[in-house]
Amino acid sequence: EEDLVKMCLNPRTAAVLLLAQVIGSSGEIIASSVVKTMFSEKAIEAVVGSLGAEWAEERIAAVEILLRCMEEDGTCRSTIADKAELSPILESFISATDAERFKIVEFFSELIKLNRRTFNERILHIIKEEGPFSTMHTLLIYLQTALQDQRPVMASLLLQLDLLVEPRMMSIYREEAIDTLISCLGNSDFPTTQLAAADTIMSLQGRFNSFGKPLIREVLLKRAGVDKSPRSAVQEDHISNFFSEIETIPEEEKAADDWERKIASVLVSHEFGILFEALADGMKSRISELRSACFISATWLVNMLTILPDTGIQGAARVCLLKQFVNKLNSAKDIEHRILSMLALNSFLHFSDGVRDLTASYAKDILKGLRELKRLSPLASEMLNVLVDENQSKTDIWRHKELIQVDCRDNGEVLSVIWFKDKTISGHTDGRIKVWTLKDNVLLLLQEIQEHTKAVTNLTISESGDRLYSGSLDRTAKIWSIGKETIHCEQVQDMKDQIHNLVVTNSTTCFIPQGAGIKVQSLNGESKLLNSSKYVKCLAHAHGRLYCGCHDSSVQEIHLATGTISNIQSGSKRLLGKANPIHALKIHGELIYAVGSSLDGSAIKIWNNSNYNMVGSLQTGSEVRAMAVSSELIYLGCKGGVVEIWDKKKHIRVDTLQLGTNCKVNCMSLDSNEDILVIGTSDGQIQAWEMT
């Protein structure tokens, strides 16, 4: 700053001009390193000061530098927005070259990607109102002569300026801007421009994170009921965890909602929903980034139709997009895309005649996809309830087909089967444990191991989900680590009694012994006997409570921490005649399911586990010995080689599986998606059935 040598340029101005040339003319690596040096030297604010310089060339140079800084690290955006004088830049717009004008438009477009909607609108008002001439008119003229790759960004800025007030019936600025975006999106001769248009439409939703990246995907996932990343629970699923970035300040949330409603309204209503046609075409593109961007924008706009007045646009969206969303629900490799497809289809359910449209042609396809998503989003279960009610008379939606049968009779009866991720594990009366995987509808044996000397009566997975426990008549329980293809015995627990049924909590192992009661053994080896007055037939465990089904048809709940016993169903004392034991007991959600004998078959009773009120019952003429419960169905494994399938909500039988032999069903297990049922029988057969 000292005037030691007379120069043509102020040193600060020269530095800004030189820096702009270095960044603009260097390769990506050098330019990036220069920008990072600016961050470390805290030079951003100094360059921001040049936006108000007297000399136009210095202002343009500052715009170019700051634009590159925002592209490199979007967190500097808020610093620039706080300090920048925008009026001088608007003055430069008229006299600038075409290339310089586009840099200014890009700069403004990046600046209004702050993570505060009210701040973005404040900047838009400055851009609209503080120039020496009409900013919108100037942009409109420039848009009509701009290069193809510049048009999407310019159209976006013009459209946002137009929507600072409530949309009028007609606006030449808005019409031109939306026409431009749709035209660019459909112009396959310029794929780069297509992608820019698709990304621009996504960003118009108006929510951004602190780096200036659109939050549209995260917002939609949250609306689909996914409020945290399921990566920890489901390793193969990949959902980005940016939910903390979604603004929750009431004022900001209201501003974001108002903006989203306005922008969505003008986009979908333009020329009777023509944008849906362009997005549908983009979803078929060979360019994966374009397909993804169009898909997300289509999901967003279809979802917004549920809160916008219907002016006939819903029909256009249905015609263009319904089939594509159904296909993506079942075939998309990206789990996020499947969840977003579900959200879009749920939006169609809210349209007039939406349920009819979805169930008329796509019921089975949609139901299959929703079942696979139930564990990730409660919305899937809500949609299933609606669609199942609509299709209740069509029992073929519950049809099952046999995939494979494996003969293990050489190992005796199959006494226990469980699913663990992609593996099925079975326990047999000769003490063997077998590990299987289902691939291409074939049950492949991965491992056969015999560490127990007597029958393996029970297999269960630890609450932590990383260990297998096996219980046996040889008086031991074994703990197994589960590898990719094999299991390995890590520990043997001497239980000093035969194990007839086994459940495991984080701190205890509970099992039915040879005599009365339930034995509970802690990690340090201490054991105690609970419910000693009852001969227990079956066990279930949930939320620190143990449920017992007994030989005298009674059912109890035992609080494991305190040992408190509560009666759910009282038993019957019979001096003569046959007892009616509880053969199977399951806990699913808030309900307890128990299978007991009746005079002419079996009775299934259902209680609420919070107050023990009985909420339903089923009666079947078959003798039930095993049970599995899914979100929608109850599977009853019976004597005579039959599995009855009942609708859990309506309490009606919807299908019957004939296993082909006059055997007893000993055990059943459902995979995590509740699509495949594995059955173990008394004649040594393992069968897998798939819901079709």
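In this text, all values refer to a predicted model and were calculated from it rather than measured experimentally.
- In this structure, V417 and L459 have side chains that are not in contact, with every pair of non-hydrogen atoms separated by 4.5 Å or more.
- Considering only heavy atoms from C-beta on, I592 comes within 4.5 Å of L585 through its side chain.
- Salt-bridge check for K534 with D552: passed, with a basic side-chain N closer than 4.0 Å to an acidic carboxylate O.
- For NZ of K423, the number of neighbouring non-hydrogen atoms (other residues, nucleotides, ligands) closer than 6.0 Å is greater than 12.
- Residues that satisfy the side-chain contact (heavy atoms from CB on, under 4.5 Å) test with C548, not counting sequence neighbours, are I518, N531, V536, L539, C550, Q556, I558.
- Shown here are the ring pair (Phe, Tyr, Trp, His ring centres under 6.0 Å) partners of F511, two or more places apart in sequence or in another chain: there are none.
- Between R371 and E632 there is a salt bridge, since at least one side-chain N of the basic residue sits less than 4.0 Å from a carboxylate O of the acidic one.
- Side-chain N/O atoms of D430 and N411 include a donor and acceptor closer than 3.5 Å.
- Looking at L546, I512, T460 one by one, the single match for side chain to side chain contact (heavy atoms under 4.5 Å, CB included) with V503 turns out to be L546.
- Shown here for H651 and K648, the closest heavy-atom pair between the two residues is CD2-O, 3.1 Å.
- Among all heavy-atom pairs drawn from P378 and G225, the shortest one is CD-O, 3.6 Å.
- Residues R625 and V665 are not in side-chain contact: their nearest non-hydrogen atoms beyond the backbone lie 4.5 Å or more apart.
- Side-chain contact between V406 and W436 is present, with heavy atoms from C-beta onward closer than 4.5 Å.
- Partners of H337 under the ring pair (Phe, Tyr, Trp, His ring centres under 6.0 Å) rule, at least two apart in sequence or in another chain, are F295.
- Between E372 and N673 the shortest side-chain heavy-atom distance falls below 4.5 Å.
- Side chains of S426 and H428: a donor-acceptor N/O pair is present below 3.5 angstrom, by distance only.
- The minimum heavy-atom distance between C638 and S622, with the atom names listed, is SG-CB, 3.6 Å.
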